[in-house]
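Quick note: residue numbers are just sequence positions, from 1. First listed ligand is number 1; within each ligand, the first listed atom is number 1.
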Amino acid sequence: MKAVRIEKFGLDGLSLVEMPAPSQPRKGEIIVKLKAISLNFRDLLMIKGLYNPDQPLPLIPCSDGAGEVVAVAEDVQSVKVGDRVVGTFFQNWNAGPYEKRYGKAVLGGPLDGTLAEYICLKEEGVVPIPRHLSYEEASTLPCAALTAWNAIVEQAKVTPGQTVVVQGSGGVSLFALQFALACGAEVIFLSRNEEKIKRAKELGAREGINTSRCENWSHELKELTEGRGADVIVNVLGADLNECVKSVSFGGLICAIGILKGVRTEVDVVSILMRQVKIQGIYVGNRLMFESMNRAIEKLNIKPIIGQHFSFDRYREAFSLLESGNHFGKIVIKMAE
Ligand SMILES: NC(=O)c1ccc[n+]([C@@H]2O[C@H](COP(=O)([O-])OP(=O)(O)OC[C@H]3O[C@@H](n4cnc5c(N)ncnc54)[C@H](OP(=O)(O)O)[C@@H]3O)[C@@H](O)[C@H]2O)c1
């Protein structure tokens, strides 16, 4: 089969290789013919050696992929040949609180990932694809969508009339926008790009703040919320945490998710305690949450926002676009029929 592998760290270290396809599933395993793969910022960090510099190579990158089941081991009960499935980010985090051991079974590092024609997974490492979604749309769900769902629904429990801030127009943020709107919230969309703000408003965002002309966006946010601040902030930038602290309402929640702007920053602790700000770290989500999310996506007819499709052989261009930050929504690689 064809697969892309990280042979050495860096985008130049990616190679398209020919390797044996998995053919015989062992106990509890299934084989999936991948139809679509979606990219996440994490994949870029993994490729560059910034996620885990000790990751053994070669490694097939990417955590997210959707496809058709082509073989199952004799004892497999929950999945059958022909099923349309999407892989789970954590292959073994089924339910309950996160434990360290789950981090050892993540696709795209440390386990081989989805940027290949076939993949062998445990039967509990996949969930069915919502009926109204294509393989390309379904491939966007395991990391970005589930992270946003965990933030907006599982942790923040957003209710109608609340104000939610999302930052940037990447995968996590646009899913957070869609889920927040579905919960009846008003969304304020932060972006460095006026055209992207226009597109987010077309999707339902109430207001946009262009962060390229005001780094200290808390002032504008306060004005837009008549001084109250936002109930929930989905923070994917990381290093602007203090700006989030200043922008959240009394007792409001900051979901700490991303590091697009860096991993270290100074935070005003007095402001956190006096304004009773809650900060919740989010690490994707478990299979149970994935199943709940898929039911909601199907019921509400939510369609993932895909910015651009690439064919498998154009994988380098796909990663370059991701690196540029110029995309709007998910970047998807489509396998040949
Ligand atoms: N904790 C978790 O479980 C989890 C799960 C998924 C992702 N993440 C993290 O969440 C973050 C977002 O992930 P993603 O996959 O959604 O990313 P993505 O799709 O690559 O999002 C990129 C978008 O963010 C904005 N952006 C990029 N770099 C920026 C910068 N330096 N300053 C300001 N804005 C910037 C841009 O939007 P504009 O052009 O509109 O500004 C860009 O389109 C990443 O740090 C990722 O590692 C964490």
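Under 4.0 Å is where a charged nitrogen must lie from a carboxylate oxygen, and between K33 and E117 no such pair does. Using a cutoff of 4.0 Å between basic side-chain nitrogens and carboxylate oxygens, R213 and E220 are scored as salt-bridged. Contact check on E124 versus K122 returns no salt bridge, with no Lys/Arg side-chain nitrogen under 4.0 Å from an Asp/Glu carboxylate oxygen. Ion pair E202/R199 not flagged as a salt bridge, since none of the NZ, NE, NH1 or NH2 atoms sits closer than 4.0 Å to an Asp/Glu carboxylate oxygen. Using a 4.0 Å cut-off between charged side-chain N and carboxylate O, R131 and E298 make a salt bridge. Under the 4.0 Å criterion applied to side-chain N and carboxylate O atoms, E186 and R206 are assigned as salt-bridge partners. Salt-bridge check for E215 with K261: passed, with a basic side-chain N closer than 4.0 Å to an acidic carboxylate O. R228 has no carboxylate O lying under 4.0 Å from a charged side-chain N of E226, or vice versa, which leaves the two without a salt bridge.
In this structure, R287 fails the cation-pi test against F90, since its NZ or CZ atom is not both closer than 6.0 Å to the six-membered ring centre and inside 45 degrees of the ring normal.
Of the polar atoms of V284, at least one N or O is found under 3.5 Å from an N or O of ligand 1, judged by distance alone. Considering backbone and side-chain N/O atoms, F41 comes within less than 3.5 Å of an N/O atom of ligand 1. Close N/O approach between H327 and ligand 1 is found [any backbone or side-chain N/O within under 3.5 Å]. The N/O atoms of G168, backbone and side chain alike, include none that comes under 3.5 Å of an N/O atom in ligand 1. Between I282 and ligand 1, at least one N/O pair is under 3.5 Å apart. Between A144 and ligand 1, a contact under 3.5 Å exists for no N or O pair. Residue A256 has no N or O atom closer than 3.5 Å to an N or O atom of ligand 1. The N/O atoms of L237, backbone and side chain alike, include none that comes under 3.5 Å of an N/O atom in ligand 1.
Close contacts between ligand 1 and G171 involve ligand atoms 16 (O), 19 (O) [criterion: under 4.0 Å to a heavy atom]. Per-residue contacts place I257 under 4.0 angstrom from the following atoms of ligand 1 (heavy atoms of the residue considered): 1 (N), 2 (C), 4 (C), 8 (N), 9 (C), 10 (O), 48 (C). Within ligand 1, counting atoms from 1 as listed, the ones closer than 4.0 Å to a heavy atom of T147 are 2 (C), 3 (O), 4 (C), 5 (C), 6 (C). Taking every heavy atom of L260 and a limit of under 4.0 angstrom, the matching atoms of ligand 1 come to 11 (C), 12 (C), 24 (O), 26 (N), 27 (C), 31 (N), 44 (C), 45 (O). Each of the following atoms of ligand 1 lies closer than 4.0 Å to a heavy atom of L322: 20 (O). Near G325, the atoms of ligand 1 lying under 4.0 angstrom from a non-hydrogen atom of the residue are 36 (C), 39 (O), 42 (C), 43 (O). The distance from ligand 1 to the heavy atoms of I259 drops below 4.0 Å at these ligand atoms: 45 (O). The distance from ligand 1 to the heavy atoms of C143 drops below 4.0 Å at these ligand atoms: 5 (C), 6 (C).
A 6.0 Å sphere centred on NZ of K303 holds more than 12 heavy atoms belonging to other residues, nucleotides or ligands. The local environment of NZ in K2 is sparse, with at most 12 non-hydrogen atoms from other residues, nucleotides or ligands closer than 6.0 Å.
Between F175 and W149, the ring centre distance reaches or exceeds 6.0 Å. Checked against the 6.0 Å centroid threshold, F89 and F290 do not count as a close aromatic pair.
For atom 9 (C) of ligand 1, the nearest non-hydrogen atom of the protein is G258 CA, 3.5 Å. Residue, atom and distance of the protein heavy atom nearest to atom 37 (O) of ligand 1 are S169 N, 3.1 Å. For atom 23 (C) of ligand 1, the closest non-hydrogen atom on the protein side is G170 N, 3.6 Å.
Every heavy atom of S173 sits 4.0 Å or more from the atoms of ligand 1.
In the model, R84 has no side-chain atom that pairs as donor or acceptor with a side-chain atom of Y135 under 3.5 Å. For Q167 and S173, the side-chain atoms include no donor-acceptor pair closer than 3.5 Å.
Of the listed options S191, A176, G208, S191 places a heavy atom closest to atom 40 (O) of ligand 1. Between the choices L190, T211, V172, the shortest heavy-atom distance to atom 16 (O) of ligand 1 belongs to V172. One option in Q167, R192, E323 has a heavy atom closer to atom 29 (C) of ligand 1 than any other, and that option is R192. In this structure, of K261, R42, K196, the residue bringing a heavy atom nearest to atom 32 (N) of ligand 1 is K261.
Residue contacts with ligand 1 for K330 are absent, since no atom lies close enough (heavy atoms, distance under 4.0 Å).
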